[in-house]
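Step one of this worksheet: look at the structure below.
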Amino acid sequence: MQTLNIASYKFITLDNLPELRISLLNECETLKLKGTILLSPEGINLTLAGRTAAIAAFTTYLTADPRFDDMTFRESYSAAQPFKRLKVKLKKEIITFRLPEIRPEIQRAPAISPQQFKQWLDEGRKLTILDTRNDYEVELGTFAGATQLNIQDFCEFPKAVENLPTEKPIVLFCTGGVRCEKAGLHLLNKGFPEVYQLDGGILNYFSMIGAAHYTGACFVFDERVALQPNLEPITL
């Protein structure tokens, strides 16, 4: 039986985190889900996998909470469970950046849809297409013509973009969108005049568009290693 994988995040000011952690942990254990949920004062970031009915039950449970009722979930399938265990963790940040002035729960850089991004690429618009991911992720695939930062950790991003040209609009992307929420705000704070983030990242682009303008696969942080543009795991 195939396993349904979901990923989602939301930047929102949260409190009572220990209680929230216990409630989500109990629900996931009851439904026999595996994966990771990160909780912090700035929001929630999750990647989970399990049987289709169990995933549906979890998303219904989560979105019944008014804080999370507008969350959407990126879906893909795998032949086996890609996670070894379940982790529900409390963190300082749901994506570590170490710049407390960056507050995606309060402000968001402009986003463009996969369809709009493809149209711009089809038109040959002059853009700086910025890959915010780590070098080992980029090695498996990226958008044609993307600028690579050669970083090993997302916390290196601010220094890596210090000399980035400012004359062209910047479209930045990552796996599922969460890193771009902080990277985009950082660029705006540093005075870059026109910054866009690819809504939902590479995986949403794969879901909506497919392989157009993309070469290779997309690294994912589980035992599938990477997903092809059809959202199927690569064969190693």
[X] side chain near [Y] side chain, heavy-atom distance below 4.5 Å:
| X | Y | value |
| --- | --- | --- |
| Lys84 | Lys34 | no |
| Cys218 | Leu140 | no |
| Tyr136 | Gln152 | no |
| Val171 | Phe143 | no |
| Asp131 | Phe173 | yes |
| Asn134 | Arg179 | yes |
| Leu4 | Ser78 | no |
| Phe206 | Gln228 | no |

Hey, is the main chain of [Y] close enough, under 3.5 Å, to the side chain of [X] for a donor-acceptor pair?
| X | Y | answer |
| --- | --- | --- |
| Thr60 | Ala56 | yes |
| Glu123 | Arg125 | no |
| Thr142 | Val138 | no |
| Gln81 | Ala49 | yes |
| Gln197 | Ala109 | yes |
| Thr166 | Phe192 | no |
| Glu93 | Phe97 | yes |

Would you give the length of the straight line joining atom [atom1] of [X] to atom [atom2] of [Y], rounded to the nearest 0.5 angstrom?
| X | Y | atom1 | atom2 | value |
| --- | --- | --- | --- | --- |
| Leu172 | His186 | CG | NE2 | 11.0 Å |
| Leu227 | Arg74 | CG | CZ | 11.5 Å |
| Leu62 | Leu24 | CG | CG | 6.5 Å |
| Leu90 | Ile37 | CG | CD1 | 11.0 Å |
| Gln2 | Asn5 | CD | CG | 9.5 Å |
| Thr36 | Leu86 | OG1 | CG | 7.5 Å |

Does the ring center of Phe117 lie less than 6.0 Å from the ring center of Tyr196?
no
Less than 6.0 angstrom separating the ring centers of Tyr214 and Tyr205, yes or no?
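They do not qualify: ring centres at least 6.0 Å apart.
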Hydrophobic cluster membership, with links at side-chain heavy-atom distances under 4.5 Å among I/L/V/M/F/W/Y: are [X] and [Y] in one?
| X | Y | result |
| --- | --- | --- |
| Val161 | Val195 | yes |
| Tyr9 | Leu14 | no |
| Phe73 | Tyr77 | yes |
| Val88 | Ile55 | yes |
| Phe68 | Ile94 | no |

Carefully, step by step, assess Glu223 and Phe83 under the rule side-chain contact (heavy atoms from CB on, under 4.5 Å).
CA-CA 7 Å; Glu223 293 188 0; Phe83 299 103; over 6 Å; no
Would Ile170 and Ile129 count as a side-chain contact (heavy atoms from CB on, under 4.5 Å) if you check the C-alpha gap in whole Å, the side-chain angles of each, and the deciding distance to 0.1 Å?
CA-CA 6 Å; Ile170 297 173; Ile129 305 166; over 6 Å; no
For [X] and [Y], work out which heavy atoms get closest and say how close.
| X | Y | result |
| --- | --- | --- |
| Ala212 | Lys118 | CB-CE, 3.8 Å |
| Asn45 | Ser8 | OD1-O, 3.3 Å |
| Lys168 | Thr128 | CE-OG1, 3.6 Å |
| Gly210 | Pro229 | C-CB, 3.8 Å |
| Pro110 | Leu188 | CD-CD1, 4.1 Å |
| Lys91 | Leu38 | CG-CD2, 4.0 Å |

From CA spacing to verdict: side-chain hydrogen bond (donor to acceptor under 3.5 Å, both in side chains), Arg224, Ser76
CA-CA 11 Å; Arg224 294 173 295 173; Ser76 61; 2.8 Å; yes
Salt-bridge criterion met for [X] and [Y] (N-O under 4.0 Å):
| X | Y | result |
| --- | --- | --- |
| Lys10 | Asp69 | no |
| Glu167 | Lys126 | no |
| Glu105 | Arg103 | yes |

Please walk me through it: do Cys180 and Leu198 pass side-chain contact (heavy atoms from CB on, under 4.5 Å)?
CA-CA 8 Å; Cys180 290; Leu198 177 59; over 6 Å; no
If we ignore angles and hydrogens, is there a donor and acceptor under 3.5 Å between the side chains of Gln119 and Asp122?
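There is no such pair (donor and acceptor under 3.5 Å, judged by atom type) between the side chains of Gln119 and Asp122.
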In sequence, state the C-alpha distance, the side-chain angles, and the governing distance for Asp199 and Ser113, and then conclude on side-chain hydrogen bond (donor to acceptor under 3.5 Å, both in side chains).
CA-CA 5 Å; Asp199 198 32; Ser113 68; over 6 Å; no
Classify the ring geometry between Phe221 and Phe219 as parallel (under 30°), tilted (30 to 60°) or perpendicular (over 60°).
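Perpendicular.
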How far apart are the C-alpha atoms of Leu130 and Phe157, what are their side-chain angles, what is the distance that settles it, and do they pass the side-chain contact (heavy atoms from CB on, under 4.5 Å) test?
CA-CA 11 Å; Leu130 185 60; Phe157 178 88; 4.0 Å; yes
